[in-house]
Amino acid sequence: PLTNITALDVTANRLQTLEGVEALPKLRSLMAKGNRLQAVTKELTPASEMSSIMQRLQAEAAVQRTWATLPVTLTALDVSNNELAEQQLVLAPLKPVASSLTSLAVRGNRFPMDGTHRWPIIEAHRSLKRLDGQELQSKLLHRLEAMH
């Protein structure tokens with residue numbers, strides 16, 4: 001049955017959302033690179049197009065609901081080379097997913113991924129061992145732990 005799926009590769013399928021993966025409780029690996037993901041849910045509007053704080057809060061709440069439904073077993077997520085525009089909306093530090101991810105790939109989206117922009121991702125997802133295909137050095141992780 002579908003509920004036993006542990007790995008799902010939907011690479012390059014023109015997907016616009018990841019809705020539905022919450023029905024896969026044993027999912028450990030989700031590869032969704034090269035799609036058309038602009039946000040996690042279809043109804044989101046980029047913050048740059050929002051006119052009010054209320055719209056922004058509603059969009060963030062919608063992202064949180066969707067990410068919160070990802071299986072707690074998820075350890076690898078690849079959403080690289082999509083059309084994701086806002087790092088904070090997409091990569092919000094949401095439990096339980098944030099505590100289980102060990103590998104995350106987000107490069108090739110519309111938000112910057114230089115050193116300054118990598119720190120919030122690493123801080124929000126303390127369990128990460130790999131980010132964008134690069135192994136995070138244990139020295140760096142220990143330094144981060146010492147800061148908190």
Side-chain angles (χ1 to χ4, degrees), residues 1-50 52-114 117-138 140-141 144-145 148:
L2 292 177
T3 56
N4 289 329
I5 291 176
T6 59
L8 181 62
D9 188 340
V10 292
T11 298
N13 277 290
R14 299 182 183 168
L15 297 179
Q16 295 180 342
T17 181
L18 295 176
E19 290 179 273
V21 297
E22 66 276 3
L24 305 171
K26 296 182 181 178
L27 190 65
R28 293 182 53 77
S29 174
L30 176 57
M31 302 297 122
K33 60 186 171 187
N35 281 289
R36 295 180 178 168
L37 300 175
Q38 293 180 356
V40 179
T41 57
K42 287 187 238 179
E43 63 271 4
L44 288 182
T45 303
S48 58
E49 297 174 18
M50 291 184 187
S52 74
I53 293 174
M54 184 55 94
Q55 287 176 311
R56 174 80 183 220
L57 292 173
Q58 288 171 341
E60 289 179 12
V63 169
Q64 290 181 6
R65 281 193 306 276
T66 301
W67 281 106
T69 62
L70 287 174
V72 295
T73 54
L74 194 67
T75 59
L77 177 62
D78 186 341
V79 289
S80 58
N81 299 315
N82 275 282
E83 298 174 13
L84 302 170
E86 298 207 26
Q87 180 184 34
Q88 290 306 317
L89 285 176
V90 176
L91 301 173
L94 302 170
K95 293 187 178 189
V97 179
S99 62
S100 63
L101 283 178
T102 57
S103 178
L104 178 62
V106 294
R107 70 181 167 271
N109 281 289
R110 293 182 181 173
F111 53 83
M113 275 303 292
D114 58 20
H117 291 88
R118 292 172 62 90
W119 274 107
I121 294 172
I122 295 168
E123 282 187 300
H125 301 86
R126 297 288 181 100
S127 57
L128 281 182
K129 304 281 187 247
R130 298 182 69 78
L131 178 59
D132 288 332
Q134 294 180 339
E135 198 161 326
L136 298 175
Q137 299 175 358
S138 58
L140 174 71
L141 297 174
L144 184 60
E145 285 296 322
H148 294 283

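Here, residue 1 is the first one in the sequence, and each next residue gets the next number. Below, all heavy atoms of this structure are taken into account, side chains as well, without hydrogens, waters or symmetry copies. Bear in mind the structure is a predicted one, so any value in this text is a computation, not a measurement.
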query: Between the main-chain N or O of Ile121 and the side-chain N or O of Glu123, is there a donor-acceptor pair closer than 3.5 Å?
result: no
message: Between Thr11 (side chain only) and Ala32 (backbone N and O only), is there a donor and an acceptor less than 3.5 Å apart?
response: no
task: Could you walk me through whether Lys129 and Leu136 pass side-chain contact (heavy atoms from CB on, under 4.5 Å), step by step?
output: CA-CA 5 Å; Lys129 304 281 187 247; Leu136 298 175; 5.9 Å; no
field: Nearest non-hydrogen partners of Pro71 and Pro25, listed with the distance
entry: CB-O, 3.9 Å
query: How many angstroms lie between CG in Leu128 and OG in Ser99, if you round to the nearest 0.5 Å?
result: 11.0 Å
NE2-OG distance between His125 and Ser100, expressed to the nearest 0.5 angstrom: 9.0 Å
task: Identify, with sequence neighbours excluded, every residue that meets side chain to side chain donor-acceptor pair (under 3.5 Å) alongside Asp78.
output: Ser80
field: Nearest-0.5 Å distance that lies between atom OG in Ser29 and atom CG in Leu74
entry: 7.5 Å
task: Dump the intermediate steps for side-chain contact (heavy atoms from CB on, under 4.5 Å) on Gln134 and Arg107, then the final yes or no.
output: CA-CA 11 Å; Gln134 294 180 339; Arg107 70 181 167 271; over 6 Å; no
- request: Report the C-alpha separation of Val106 and Asp132 in whole Å, then their side-chain angles, then the decisive distance to 0.1 Å, and conclude whether the side-chain contact (heavy atoms from CB on, under 4.5 Å) test is met.
  value: CA-CA 6 Å; Val106 294; Asp132 288 332; 3.8 Å; yes
message: Can you tell me how far apart CD1 (Ile122) and CG (Leu104) are? Round to the nearest 0.5 Å.
response: 10.0 Å
task: Would you check, one step at a time, whether the test side-chain contact (heavy atoms from CB on, under 4.5 Å) holds for Arg36 with Leu15?
output: CA-CA 5 Å; Arg36 295 180 178 168; Leu15 297 179; over 6 Å; no
task: Could you note down all residue pairs passing salt bridge (charged side-chain N to carboxylate O under 4.0 Å, His left out) where residues 1-15 supplies at least one of them, sequence neighbours left out?
output: none
message: Looking at every heavy atom in both Thr73 and Lys26, which two are closest together, and how far apart are they?
response: OG1-C, 3.3 Å
- prompt: Got a second to check how far Leu30's CG is from Thr6's OG1, nearest 0.5 Å?
  reply: 12.0 Å
field: Main-chain N/O of Arg28 paired with Thr75 side-chain donor or acceptor, under 3.5 Å
entry: yes
query: Can you tell me if CZ on Arg118 sees more than 12 non-hydrogen neighbours from other groups inside 6.0 Å?
result: yes
message: Does Glu135 form a salt bridge (charged side-chain N to carboxylate O under 4.0 Å, His left out) with Arg130? I'd like the steps, not just the answer.
response: CA-CA 4 Å; Glu135 198 161 326; Arg130 298 182 69 78; 3.7 Å; yes
- prompt: Excluding sequence neighbours, so at least two apart, what forms side-chain contact (heavy atoms from CB on, under 4.5 Å) with Asn82?
  reply: Asn35, Leu37, Val79, Leu84, Asn109
- prompt: Do Asn81 and Lys33 get their side chains close enough for a donor-acceptor pair, meaning under 3.5 Å?
  reply: no
